Amino acid sequence: MESAIRREVLEEGAAIHRGIRQWEARFRSAMLDGAWPHDRAAPPLGPRQPETRAPRSPLHAYYPMLFRTLFPSVAWRDLRELCRLGRLYAEHLLAVDAVLDQGQRVDPLELFVSQLKQLESLRGLHRLFGSVHPFWSALREASFHAWRAVLLERLRHGHRLLAYSGEEFEQIAKGKTALFKVFPLALARLGGRADLESALSLSLDCHHVGLLLLDDLEDWKEDAAALRFSYPLTRVILEHGLADEFAKGARPSLAAIGDLLYGSGIAGEQLAAAGACFRNAMESVARMELPLWLAFNRDYRVRCTAMAREVEGYARGRAGSRRRAERADEDRAAHAPEESAVPEVVVQTGVPESRAEVCRVVLREACAALPHPGGLLFCLGSWPGMGAHFWLSQDRCRLVGIQLDPADGFLSTVSGRPLETEVTLAYVATVRCLLQGESHLSEPEKLLVAGIAVRLRLQSVPAQDLWDVAGMSLLDWQWCQKNEWLLWACAARNGCGCAGPVSGAGDLPAAEPLAAGPGPVPRNAGLYLGLRAVEEIAGKALKRSPADFIAGWSRAEIAKSLRLPPC
Amino acid sequence: MLSWNALGAERGRRCPEDLRSEIVQALHLESRRVAVELARLRTDLLTGLSPAGDLWPPAQEPAPPEGCPDPSGPAGAQRVTVLGFSPFFYYPFLFATAFPEVPPEFLRALAAANRILLEALLTLDNRIDRDQRLDPLDLYLMQGYCQRALEILLPYLPPQDAFWEECDELYVAYVRAVLRELVFHRQRVEPFPAQDFRRLSADKAGLVKATILALCRVSGDGRHRDALLASQDAFLIGFQAIDDLKDWREDYARQNYTYLLTAVLENAGRVRAVERGERPDPEVVGRWLYETGLAQSQLRLSEELFRESLDAARDVPVPLWRDMVEGFLRSARSMRTDVAQIRSRDLHRSSRAALPAWSPPAHGEEPGCGPLLASCLSRGARYLLAKRRPDGSFSLALSPHSYMHPARVLGPSGAVTALVLRALAGTGAEEPEIRHLLAALRERPGTAREAYAPSAPAELEQAFRARSREELERIDSGICDGGGRCDADALSAQGKGFWAELVFQAAHRQARAPMLEELALREARQDRDPAGACTLVEAAGSRGLLRPLLVPYLLCKAFAARPDELAQTAVRALVSRVLGGCLKSGSWGNYTDTALALAALLGAGCAATEWEPAARKLVLGQDPDGSWPANAIYGKEGRCYGSRELTTAWCLEALAHCLRQHRERDRESSGRASALGEGQGRIEIYAHEGVAPERFEDAGRLLNRCRRVLRARGSMRVYLGRWAGLPGHFVLADGRATDIGVNLAGPHAPDCTVAGRPTAVELALAWTEAVRAQVRGPVRGGPERLFVEGVGLMVCRRLWPGQTPWEQCGLSRLDWQWCHENEWYLCEIARQAIQAGRAGPAPDGSRPHAAAAGEAFAPANARLYLALRLFDTECRAGLSTESLDQMIEWEPAAIQGQFQKLWGQGRRKISLCL
C-alpha cells in the first residue's frame, strides 16, 4: 500500500515537472526568438541539465505530497497546485543560487526565466491563499531567514577561513532551507491544522540539516575549487594546518584534501551527524500519520550508513591505494612516448614541406604531454568538401587529414585556425577516440578535447594571445566571454540529439564543438567554450594532466560535470 | 487637492494654464509618495536581513527624496515647471484624464507597483549593460521588489485577469530585445537597420505599457488603448534615440554598438578595424559623430518620433502626456540647434585636438606649445584688424542672453575700444601681427574712440571714457570725507565697477589718488559678491551689472606693476579671490571669464604652468576666424551687452602671457635642465634612531618618484619611525610645511608599517594625503578619506604596475578574493553610512565609518580594496579623463556627489514642461 502511494506521488511529481518544463519551454522559445540563428532549429527546451530517459520527479515537485496523509481534507487539486507552485519557486531559488555560485558566468536567460517563475508562483499562491493570509507573513519571514543565512555563509566562510562551529552550521543550514519548508507547512494551514506546524517545522529542519551535511560532503571538490569553505572543508583545513597555504593563494591539491577528509575520520563523523539528523526528523513526528515522510527519511539514513561504510573502507585501504597510485605513475613514466612514437606526416603535392615540419614539431610536443597508442598518419593537403580535420580508418592505421587553406599560403586551415592548433586538436581528438574505442565524440567530449588542445598549444607558445591560438579575433573572443550562456545553450542543444554541426563530409561526424554556422556565434567559438569546459572540469578533478582527462574521464562523467546531456 | 477627473473633463488638447501649478504640485506629492514607499521597502528588506544590526547599521526612516520641494513651502506658490522626479514615479497620472472612472487609489497603487517593479528590472538590466555581476543583495532585493509589486497590484487585478497574460507577453518581448541586443550588438558591429532599432527600443522599454493595459482593465474602457500604446511606443523609441546620443561615450567604452554608434563606425568605414580589435580613440569617434552630422540626424529622428507619438494620441484626452512629449520634442529641437553650432566650431577645433606638450621641450624633443600659442595670437590679431571700424573703434552688440546669441551689433563703442586697446597693450606686442594691429589702431585720433552708438548704454560708455590725471585727482579728493577717509555717501552713487575703472586709470596716469587706492584695497579684501553680481551703476531703481571678474582684472592691472607692499598685498588678495572662482575643470567656465581670470593671474606674476587647463581651453576654443565667442560684459533690465572683439582681445592678452612665460622657461631650461623640480617644494626626510639607513635612502628615491606622479603643492617633512597607538601613516599640515609620519612595524616585519602594508605603499598613500592636505586642508570624513586612499592607490598602480594589488593594499590573496566576492557588502556598508550622514571621522581618526561598520566580517585593509575599486570603475570604463593632479583637488562636495552617483538612488531629472 505504502509503495503504491509512493509510486503515485512520484508519478504525480513527474507530471508536475513535465508541465513546468512545457510551460518554461514556451517562454524560452519566445524569448530566444530573434537571438537564435534564423535557419536553425528551435533552441533547447529546458535549462542546462542532464536529461535522463526515465521521467524525472524532482523532490520539490511533490514535497507537500509527502505530508498529505496528515491532511486528508485538503483538496487534491489544491495539493497538486501547491506542489507545482512550490516547484516553480524552488526552481527560481535554485537558479538564484546558481548565479551566486557561478560568479562571473551569469546566464541572463536563466535569470529572466527565473524571475518569471517567481512571478508565476506568487500569482498562483495569491489564487490559493488570497491577498490576506498568514502564509504571506510566513513566506516573508522565511525569505529573511534564507537570505540572511546565505549572506552570513558567504561573508564568514566564502574566501575566509574562520572557525565553523556545529551550532553555526546548523543555524545556517536551517536558514538556507527555510523557504523550502514554507510549502509543506502551508499544507497545515490549508488543512486547518496550524497546531501541527511547529512539530512539522522541527522535523523539516532536522531533515534539511541532514541534507546539507550530505551535500557538503558530496560537493567538497567544487567547494574547495571555489574557495567556499564549507563545514567539513573548514575542519579539514584548520585541523591539518593548511590555512596558511590557502591564505597565500597556494592551494593544496584536491587529492591531498580528499585524502585528509576521508582518511582522518571527518567524513565519517559528518555522515554520522547526517544520519542522526534524519533520525531526529523521524522521531519528532513519530506519532503522526506520515508514512511517506518517515520512509523518505529512512531512505536517507540507509544512504548515510552505506556511505559511512565506504568511507571506512577508504580509510583502511588508504595506505595501499597510495602505493598503487605511485606504482601506476612509475608505469606511466616508463611508457612515456619516445621520439619514434611521433606519428608520421605526409603532404599532398603542392603543399610546402615546411608545413610538414611544423606539423611534426607540434606533434612531438603533443605526444610528450599526451601519449597515443600508435598507428597514426597525418596527411596535410586539400580535400574540397571536407572539414578542417577528419580521420579515416584504414586497416590498422588511422589517417588524420588536415585541410590547409591555400588562400592563406597554407598557414592555417579552412576553419581559420592556425595549422598548429588544428594539428593539436586533431591529435587530441584522435587519441580520445582510440582510447575510448569510439568512432566519434559526443558534444561534451568535443568540448573537452578542444579545451585540452588549446591548453597544449598555450603551453608551447605562452606568449601568444588566446584568440590567435583559437583562430579568432579579439572582438569575437570578447563576444564569447559576454555571451557564454548562449554558447552553453548551443552545446546543450547540439548534445540533445539535434543534427550536429557539420565539419566533415557525408556520414563523417563533426569533429569539433559548435562548428561554424550562420547566426551570431562566431567561428571557432567552440574552442573558447572548450577552454571554459576544461576549467570547469579541472575544478572538480583530482588529477589534471591532459592524459588523465583524455584517458580517465568517461563520456558520462564529462557530460555530468558540464551539466550537459550525455548523448 | 487636484481632481484628476475635473482635469479630464476639460478634454482639451493642452493642459489648462490656471491648473498648471496645481498639477505640478499634485504630481510632486504623488512622486514623493512613491519614492518614500520605494525607499521604505528597501529599508524594510535590509532590516529584515539584519534585525540586530550586525550586518549593517540599523536602518533609519527614509528621508524625503532630494530634489523634491516641499509643496507647503514658499516654492509651492511659485510656478514650477521642472519636476525633480523621473516620469516613472508618476507615470499612470499622465493618463488619468483618459480614464476618469479609475479611482485615485488605484492610480497610486499602479504608480508604486510600476516603479518598484521597474527598480527590479533596472537592477538586472544595469548589471547586464555594465558587465557587472549580480551580487546576493541585488538578487535579494529584486526578489523582494517583485513580491511587493505583486502584493500591491493583485487586490485590483486578480491573478486570473487577462491583464497578467498581456504582461507576460510584454515581459517576453522585453527579454527578447535585451538578449538580441546582447548577442548581436555587444562586442559585435552587426548591421543595424532602422526597423530593428525601432523594434528593439520599443520592446526594451515596453513593460511600461502595462500601465495602459492596467488602466483599461480596471476602467473597463478600452477605447483609447491602441492609440495610447502606439503613442507610447513612438515616445519610447524617441527617448532611446536621445539616450543613445547622450550615452555614446559609455556605450563605446562598453563595446555596446548601438544604432547610432554602428552608423558612426559604418560611415567612417571602421567596422572591420573594430572587429580586428583596433578601436579608434573615443575622441576620434566623437568627432565622427558630431562632425559628420550623425548626431543631428539622430536628434531629427527623435523629433520625428515624438511628433509621431503626439499624432497617435491626437484624439485622446491626455493633456499631461502630450505636454510631456512636447517638452521632449522641444528639448530635442534645441539640442539639435546647439549641436549644429558646436559642429561648426568643432570642425575647426578638431584639427588641433592633439595639442603639443605644454612644458618647454627638453633637448631633442618635439617643439612645445610655443608655436601653437603664437599662431593663436596671430590669427586673433588678424581678426581684430579685420573687425576694426574705419574710425579705429570696435563695436558693441546687444542680445537677450548673456551668451550673446542671437546678437545685434549696435555700433561703435568707446568703452569696448578702450578695453580692447588696454588688453592688447597687455600682450606685450611681441608678435608681429599684434604690433601691426596696435600700430594701425594708433593711427586713428583718440577722439574717435570716445564716440559711441546712440543705443549703447551711456553709463557704460561714461564709466570707461578716458579721464585726465587732473580729473582723476579731482574725483579722488571729492570722495574724501573730512577725516581723510572715503565718503560712503559719495561712493554709493556709482557701483564698484565704476570705481575699479577709476583706480585703473589713476594708476595708469600715475595720479595721486589715495582715496581710490583705499577703495581698491577694501574691494580687494572682500570676498566674492554673494550674488555673484558686480554693479556698475546703482541709481533710481536702475541697476546695471558688470561682469564680476572685470573688477579684479582691472585692479590687478592697476597694482601688478607696483613693487610697494600695499600694492602687493592687494594683488595677493585679488589673486586669491580670482582663484576662488576656478572650477574643477581648471577653467572659469566661459571663454570671457577664463580669459579675464587668466590675464589677471598671469599679469600678477602667477606661473602659467599652474593654469594649463584654462589656457588649453582658450586655445581649443578659438573659432576659425580667429575670434572667441562673446559673453556679456554688461547687463541691464534684461538686455545684455557684449563684444566678440573684446572677448577676443582678453583671450589674446591671456595667451600672450602664457607665450611669454613659455619662452622665458624655454630660455632658462636650455642651460640647467637638471635643476628643474627644485622649486616644486623641498622634501626633507628624517628617521628615528634604529631605522636602517637603506630605508632612509629608499624613502628618498620613492618620494622623488611620487612627486613625478602627483605634484606636491609645497614643501614636506617626512619622518620614518615608530609611534605606539598611531596608524600606518599620519599627516600634519600647519600652513607652511606638511609633516608626514610613517609608522614602521617592528623587526618582525622589516618592510611593513603597523597597518600591515609595505612601507613603500604607505609612503605613497601618505604622500597623496599630504598633497590633498596642501590643496584642501586636512582630510575630513569617511568619503573623503576613501577617495584620497583611492587616489593614493592609483599612484601606487602607476609606480609599481607589476605588483599585485592585494600586496599594495596589505591584503593576503585570499582576503583580496573575499573582498572581490563580497564587494557588494563593502559597498552597501559604505553606501548606508554615507546616506545616513555618518561620514565624520571615526573615533580613532584613522578609519572611515563606511568601512568600520563592516569590520565584523571584513578583513583588515578591506577599505583599501574598495577605494581602489572606486577608481578602477571610473578609469577602466574610460569615462574619467582627469589626471591625478586634477582629481586630488576635487571639492568635498564633488566627492560626495561621486559617491552618491555610485551608491545613491539614481534619479534623473527630466523636465515636465507644463
Side-chain angles (χ1 to χ4, degrees), chain A residues 27 30-36 92 96 99-100 102-104 106 108-109 111-113 115-116 118-120 122-124 126-127 131 136 139-141 143-144 147-148 150-152 154-156 158-161 227 246-249 467 473-476 478-483 486 519-520 522, chain B residues 45 48-51 55 120 124 127-128 131 133-137 139-140 142-144 146-147 150-151 154-155 158-160 164 168-169 171-180 182-184 186-190 255 274-277 812-815 817-822 825 857-859:
Chain A
F27 282 107
M31 286 171 177
L32 274 175
D33 177 32
W36 205 255
H92 157 66
V96 166
V99 170
L100 289 178
Q102 279 165 1
Q104 297 287 353
V106 171
L109 178 62
L111 272 170
F112 287 127
V113 172
Q115 215 165 31
L116 204 57
Q118 186 205 5
L119 294 174
E120 171 70 6
L122 289 173
R123 287 197 299 241
H126 269 272
R127 256 195 306 266
S131 293
W136 296 111
L139 184 69
R140 204 170 299 124
E141 277 302 307
S143 176
F144 287 150
W147 281 97
R148 182 177 159 77
V150 168
L151 297 190
L152 280 177
R154 290 177 73 84
L155 290 172
R156 285 189 54 81
H159 298 84
R160 289 204 91 181
L161 275 165
L227 297 176
F246 275 97
K248 287 176 196 151
W467 46 93
S473 71
L474 171 63
L475 199 66
D476 281 346
Q478 288 171 330
W479 185 95
C480 290
Q481 286 178 320
K482 301 296 170 215
N483 295 290
L486 189 66
Chain B
L45 287 168
L49 284 182
S50 176
L55 279 173
L124 184 55
R127 294 296 185 262
I128 293 174
D131 294 332
R133 61 184 179 165
L134 280 153
D135 58 53
L137 211 55
L139 291 164
Y140 168 70
M142 275 163 57
Q143 185 176 304
C146 287
Q147 190 160 336
L150 282 188
E151 279 171 12
L154 282 166
Q160 55 278 11
W164 295 106
D168 285 347
E169 279 170 27
Y171 183 78
V172 166
Y174 154 73
V175 174
R176 195 166 43 218
V178 170
L179 294 183
R180 192 170 167 79
L182 202 63
V183 168
F184 284 99
R186 294 292 296 274
Q187 270 81 30
R188 174 161 286 227
V189 196
E190 288 278 318
Q255 303 209 54
V274 170
E275 283 174 353
R276 284 196 303 273
S812 75
R813 189 177 170 154
L814 194 65
D815 282 344
Q817 286 169 327
W818 185 94
C819 292
H820 184 64
E821 285 296 312
N822 296 294
Y825 179 68
F857 297 102

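Proteins get letters first, then strands, A, B, ... in listed order; numbering begins at 1 in each. Just so it is clear, the structure is predicted and the values come from calculations on it, not from any experiment.
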Region of B/L124 that comes under 4.5 Å of a non-hydrogen atom in chain A: side chain
Aromatic centroids of A/F112 and A/F27 separated by under 6.0 Å: no
Segment of B/Q255 engaging chain A (4.5 angstrom heavy-atom cut-off): side chain
Which of B/P159, B/C819, B/S812 touches chain A most, by non-hydrogen pairs under 4.5 Å: B/P159
Side chain, backbone, both or neither of A/V96 within contact of chain B (heavy atoms, under 4.5 Å): both
A/V113 and B/V175, any side-chain heavy atoms less than 4.5 Å apart: no
Heavy-atom pair with the smallest gap, counting every atom of A/W479 and B/R186: CD1-O, 3.2 Å
Region of A/L116 in contact with chain B, defined by heavy-atom distances below 4.5 Å: both
Contacting region of B/Y140 [heavy-atom separation from chain A under 4.5 Å]: both
Residues in salt bridge (Lys or Arg N to Asp or Glu O under 4.0 Å) contact with B/D815, at least two apart in sequence or another chain: none
Axial cation check for A/F144 ring with A/R148, 6.0 Å and 45° limits: no
A/L155, part contacting chain B, at a heavy-atom distance under 4.5 Å: both
Chain B contacts, top residue of A/F246, A/W147, A/W136 (heavy-atom pairs, under 4.5 Å): A/W147
A/Q118 (side chain) donor-acceptor with B/Q143 (main chain) under 3.5 angstrom: yes
